[in-house]
There are 2 protein chains.
Amino acid sequence: MSLREEILDVSKELLLKHGFSKMSMRKIAKKANVTATSIYLHFKNKDDLLLALVEESIAKLNLVLRNSLDESVSPVAQLESLADAYVDYALENPQEYEIIYMVRPEEMPKYPREKFQQVRQIYELLAGIIRKGQEQQLFDVEDPLVSAYTLWAQIHGVVSVILGKRLDTRIPNERFLSLAKDHIIQGFIIQKTPA
Amino acid sequence: MSLREEILDVSKELLLKHGFSKMSMRKIAKKANVTATSIYLHFKNKDDLLLALVEESIAKLNLVLRNSLDESVSPVAQLESLADAYVDYALENPQEYEIIYMVRPEEMPKYPREKFQQVRQIYELLAGIIRKGQEQQLFDVEDPLVSAYTLWAQIHGVVSVILGKRLDTRIPNERFLSLAKDHIIQGFIIQKTPA
DNA sequence: GCTGTGAACTTAACAGTGTTAACCAACGGT
DNA sequence: ACCGTTGGTTAACACTGTTAAGTTCACAGC
């Protein structure tokens, strides 16, 4: 295993265990039996290292979602199972999920555009399903891509309430998640109401 | 103005201008013409100081939302105007809004429960409106409080996509926000579809 | 076989961080 | 006149990210 990968591994371990601020270059170095400065031969700086971890996590999420997809069922069912897969992944790998949102594009000015390809792929996937549902007159949407972003935003919002432990203690997580999913999906399907 | 308030003021200024990590105790102190250690006479530590800022921001959001409320219109319209007010506030005071989500309850073990009163108040406000809509057979909800959390989560998700500059550059912010609001509200109102 | 070059790595240091212990000076109550 | 509290200080500790300079070492060209 190259030193670069070694560094990525131990960084991730520290990041998941203690959070970004506690993951220091020196600690990473020590765990990799190397000096802190060596890390700078493989990564521009700490942010750059974080970025590499973000990439990994996005790729993993991408994979999970694709694997959960069954194209033979109805678009509504596809959306539901994707939402489930997303939530499950986030709750089972909370820190890993949160890595994805640790860095914001604006703060990474010269971040190569292709690196966002992975996440864009997911949006295209969602948009595709929504488009199919739209054609079958199941979904009430104006623009599938915009709706894909909306869908993801909503699910992320719901997930982050749980992960941030911000949910009212009187409400069980599962109940919240289940009702939230209903609301979200409901918001996309066609309204048959006459007026 | 007491030193405590002075510290809060300059802290906020630094926080908004450069972010949490760049807001250092020494810089705050210098700006307040005082030594760094003096801050510890008024705040337990840096987190505690941040917490005080969070409180301020939540109180402000609370105020904004309440002021935007017109109880004479229909629950649907009330929800819509609340959503608008929330989004407007977040977009006009982005950093201030983000302060609210900077600290997570789990990491503040001994954080006094009453401090969360302000945000709980907002949830109760939302739940009240939803409950009224439920009684008038306008909303399709099981539990108003759960739905209130869902609603907030969804809106926060949408807002944070914008603030995190994660929206596809091909999509204008306003279009996304407007469609997202439609989807969210849609998810709450009753479905007249027969089966 | 010798030399030169470049990569991988280290040591030492800089400037800055949060935080604490010890001290001091002024004020109100007794 | 003393005493305790309040609000401030200085000096220091143990860290942090980052860089400049130096070292070791494998391998290519002659």
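In what follows, chains are A, B, ... by sequence order, proteins preceding strands, each numbered from 1. Everything numeric here is computed off the predicted structure, so don't read it as measured data.
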Q. Does the side chain of A/Leu91 reach to within under 4.5 Å of the side chain of A/Leu163, using non-hydrogen atoms?
A. yes

**Q.** Close side-chain approach of A/Lys12 and A/Glu96, heavy atoms under 4.5 Å
**A.** yes

Q. Does OP1 or OP2 of C/dC9 have a side-chain N or O of A/His42 closer than 4.0 Å?
A. yes

**Q.** Rounded distance [0.5 Å steps], CD1 in B/Ile130 versus CD in B/Gln78
**A.** 11.0 Å

Q.
According to side chain to side chain donor-acceptor pair (under 3.5 Å), who are the partners of B/Asn33, at least two apart in sequence or on a separate chain?
A.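 So B/Asn33 forms no side chain to side chain donor-acceptor pair (under 3.5 Å) with any residue.
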
Q) 5' to 3' on DNA chain D, which nucleotides open and close the contacts with chain B (atom under 4.0 Å from a heavy atom)? A) D/dG7 to D/dA12

Q: Treat each ILVMFWY residue as a node, draw an edge where side-chain heavy atoms are under 4.5 Å apart, and state whether B/Leu50 and B/Leu41 are in one component.
A: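 No; tracing contacts between hydrophobic side chains, which count when under 4.5 Å, never links both residues.
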
Q. Got more than 12 heavy atoms from elsewhere within 6.0 Å of NZ, B/Lys46?
A.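 Counting other residues, nucleotides and ligands, NZ of B/Lys46 exceeds 12 neighbours.
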
(Q) Does A/Glu142, at its CD atom, have more than 12 non-hydrogen atoms belonging to other residues, nucleotides or ligands within less than 6.0 Å? (A)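 Not more than 12 within 6.0 Å, no.
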
Atom pairs, protein N/O to nucleotides 22-27 of chain C N/O, distance under 3.5 Å:
none

(Q) Over the length of the helix from C/dG1-D/dC30 to C/dT30-D/dA1, how much do the five-pair end axes diverge, rounded to 10 degrees? (A)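 Between the axes fitted at each end of the helix from C/dG1-D/dC30 to C/dT30-D/dA1 lies an angle of 10°.
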
(Q) Using a 6.0 Å distance limit plus a 45 degree cone around the ring axis, check whether A/Lys181 lies over the aromatic ring of A/Tyr86. (A)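 Not flagged: A/Lys181 not positioned over aromatic ring of A/Tyr86.
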
(Q) Could you check whether B/Lys60 makes a cation-pi contact with B/Tyr89, meaning its NZ or CZ is under 6.0 Å from the centre of the six-membered ring and within 45° of the ring axis? (A)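 No cation-pi geometry.
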
Q.
The criterion is ring pair (Phe, Tyr, Trp, His ring centres under 6.0 Å); which residues satisfy it with A/Tyr149, sequence neighbours excluded?
A. A/Tyr123

Q: Please report the closest heavy-atom contact between A/Asp140 and B/His183, naming both atoms and the distance.
A: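 Closest approach of A/Asp140 to B/His183: O-CE1, 3.7 Å.
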
Protein and nucleotides 10-17 of chain C: nitrogen or oxygen contacts under 3.5 angstrom:
from, atom 1, to, atom 2, distance (Å)
C/dT10, OP1, A/Thr35, OG1, 3.2
C/dT10, OP2, A/Thr35, N, 2.8
C/dT10, OP2, A/Thr35, OG1, 2.3
C/dT10, OP2, A/Ser38, OG, 2.6
C/dT10, O5', A/Thr35, OG1, 2.7
C/dT11, O4, A/Thr37, OG1, 3.4
C/dA13, N6, A/Arg26, NH2, 3.2
C/dT17, OP1, B/Ser24, OG, 2.9

Q.
Let's go through A/Ile129 and A/Leu69 carefully: what are the C-alpha distance in whole Å and the side-chain angles of both, what is the deciding distance for side chain to side chain contact (heavy atoms under 4.5 Å, CB included) to 0.1 Å, and is it a yes or a no?
A. CA-CA 10 Å; A/Ile129 298 175; A/Leu69 197 59; 3.8 Å; yes

